[in-house]
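Single-structure report; data block below.
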Amino acid sequence: MQVAVVTFDGFNELDSFIASALINRCRKEGLEAFITTPTPVVTSMNGVEVTGQRPMEFVTEADVVLIGSGVKTRDVVADDRLISTVRLDPSRQLIGSQCSGALVLARLGLLGDMPACTDMKTRPFVEAAGVTVLDAPFHAEGNIATAGGCLASQYLATWVITRTLGEGSARDVLDYVAPIGENQDTVERALRAVRTGEAALR
């Protein structure tokens with residue numbers, strides 16, 4: 001199973017790297033994430049240059065697609081040529097967004113009547129797109145999920161691992177990366193966020 005972590009120019013390092021790093025701890029179980037970029041090299045909001053591992057065309061074949069956020073997301077959704085390269089199919093793919101990535105899902109028409117999570121700065125723009133924004137870090141309906149707040153990227157990764165490999169695998173990953181002495185709290189908090197986000201509005 002392959003995961004495309006879509007990473008645009010001006011990206012937020014926490015969003016792309018936390019999700020991909022957590023998911024890649026499941027390589028031996030057959031789940032692997034790749035930084036997926038529209039150009040060979042993208043530069044983060046803090047000036048970090050990263051070489052993409054997969055081109056944007058990879059999103060059509062990936063089993064999971066996570067749309068990261070960044071300071072140029074509004075430029076991305078305004079670029080018809082660029083946005084046309086993000087071809088997603090929620091009937092066969094798990095699709096998630098982080099913070100301003102919700103703007104991309106809205107632009108693609110994937111949210112419909114579904115409420116979304118995003119960061120505080122992006123919230124008014126997501127609402128202007130006709131999407132209800134929740135005061136929550138994570139929300140999922142079916143094969144689509146959104147997360148809000150940089151560190152909520154761990155919840156997005158937890159959702160992906162749980163949906164593809166099961167809760168046991170998610171527990172193992174979270175337990176390994178948790179701050180020492182906070183293992184159980186970290187694991188339970190992430191799993192609770194995902195369960196709550198999936199159960200909301202049922």
Side-chain angles (χ1 to χ4, degrees), residues 1-7 11-36 53-54 58-59 61-69 88-102 104-105 110-111 114-119 134-202:
M1 292 173 287
Q2 298 183 315
V3 181
V5 180
V6 177
T7 303
F11 72 95
N12 183 320
E13 301 96 328
L14 293 173
D15 296 349
S16 290
F17 294 157
I18 290 176
S20 61
L22 292 178
I23 291 167
N24 277 329
R25 291 196 174 274
C26 298
R27 278 198 190 102
K28 291 182 179 179
E29 295 178 75
L31 182 65
E32 188 168 10
F34 300 91
I35 299 296
T36 303
Q53 297 172 292
R54 294 289 186 275
F58 176 61
V59 300
E61 62 184 84
D63 303 288
V64 182
V65 179
L66 301 181
I67 310 292
S69 75
L88 306 180
D89 182 358
S91 70
R92 64 173 184 81
Q93 294 174 306
L94 294 180
I95 300 168
S97 70
Q98 178 67 44
C99 292
S100 64
V104 176
L105 297 191
L110 293 173
L111 294 178
M114 174 181 168
C117 300
T118 190
D119 61 280
L134 301 173
D135 290 317
F138 178 84
H139 179 72
E141 293 184 19
N143 287 345
I144 297 179
T146 59
C150 299
L151 295 181
S153 51
Q154 64 182 300
Y155 302 154
L156 203 55
T158 298
W159 176 71
V160 169
I161 297 169
T162 300
R163 285 289 302 271
T164 56
L165 299 175
E167 186 176 295
S169 295
R171 284 182 176 277
D172 289 344
V173 170
L174 292 164
D175 183 69
Y176 187 90
V177 302
I180 298 301
E182 298 180 2
N183 300 68
Q184 184 173 350
D185 289 345
T186 300
V187 171
E188 295 305 327
R189 181 171 57 250
L191 290 172
R192 183 169 58 250
V194 170
R195 292 190 196 111
T196 301
E198 289 185 316
L201 303 181
R202 281 181 184 170

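This one's a predicted model, so the numbers in the text were calculated from it and none came from an experiment.
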Between [Y] and [X], is there a side-chain heavy-atom distance shorter than 4.5 Å?
X    : Y    : value
Q2   : V64  : no
M114 : H139 : yes
L110 : P90  : yes
D63  : L94  : no
N12  : C150 : yes

Applying side-chain contact (heavy atoms from CB on, under 4.5 Å) to A170 and not counting sequence neighbours gives T158, I161, T162, L191
Can you sort out the partners of Q53 under side-chain contact (heavy atoms from CB on, under 4.5 Å), two or more places apart, ordered by chain and number?
F34, I35
Apply side-chain contact (heavy atoms from CB on, under 4.5 Å) to the pair I95 and N143, showing each step before the final yes or no.
CA-CA 6 Å; I95 300 168; N143 287 345; over 6 Å; no
Could you pull out all residues at least two apart from [X] that satisfy side chain to side chain donor-acceptor pair (under 3.5 Å)?
X    : value
T146 : none
T7   : S16
D89  : S91

If I compare all heavy atoms of [X] with all of [Y], which pair ends up nearest, and what's the gap?
X    : Y    : result
A102 : L111 : O-CD1, 3.9 Å
S100 : S69  : OG-CB, 3.0 Å
N24  : A33  : OD1-N, 2.7 Å
C117 : A136 : SG-O, 3.3 Å
T36  : F58  : OG1-CD2, 3.5 Å
A145 : L105 : O-CD1, 4.2 Å

Please check if the side chain of [X] supplies one atom and the backbone of [Y] the other of a donor-acceptor pair under 3.5 Å.
X    : Y    : result
E29  : L165 : no
Q93  : V59  : yes
T118 : C99  : yes
S20  : F17  : yes

Working to the nearest 0.5 angstrom, can you tell me the gap between [X] [atom1] and [Y] [atom2]?
X    : Y    : atom1 : atom2 : result
S97  : L156 : OG    : CG    : 7.0 Å
M1   : L31  : CE    : CG    : 5.0 Å
I18  : S153 : CD1   : OG    : 3.5 Å
W159 : Q154 : CH2   : CD    : 16.0 Å

If you apply the rule side-chain contact (heavy atoms from CB on, under 4.5 Å), what do you find for V3 with L66, and how did you get there?
CA-CA 7 Å; V3 181; L66 301 181; 4.3 Å; yes
Any salt bridge (Lys or Arg N to Asp or Glu O under 4.0 Å) pairs touching residues 149-175, not counting sequence neighbours?
E167-R171, E167-R195, R171-E188
What salt bridge (Lys or Arg N to Asp or Glu O under 4.0 Å) pairs are there with at least one residue in residues 11-27, not counting sequence neighbours?
R27-E32
Identify, with sequence neighbours excluded, every residue that meets ring-ring contact (aromatic ring centres under 6.0 Å, His included) alongside Y155.
none
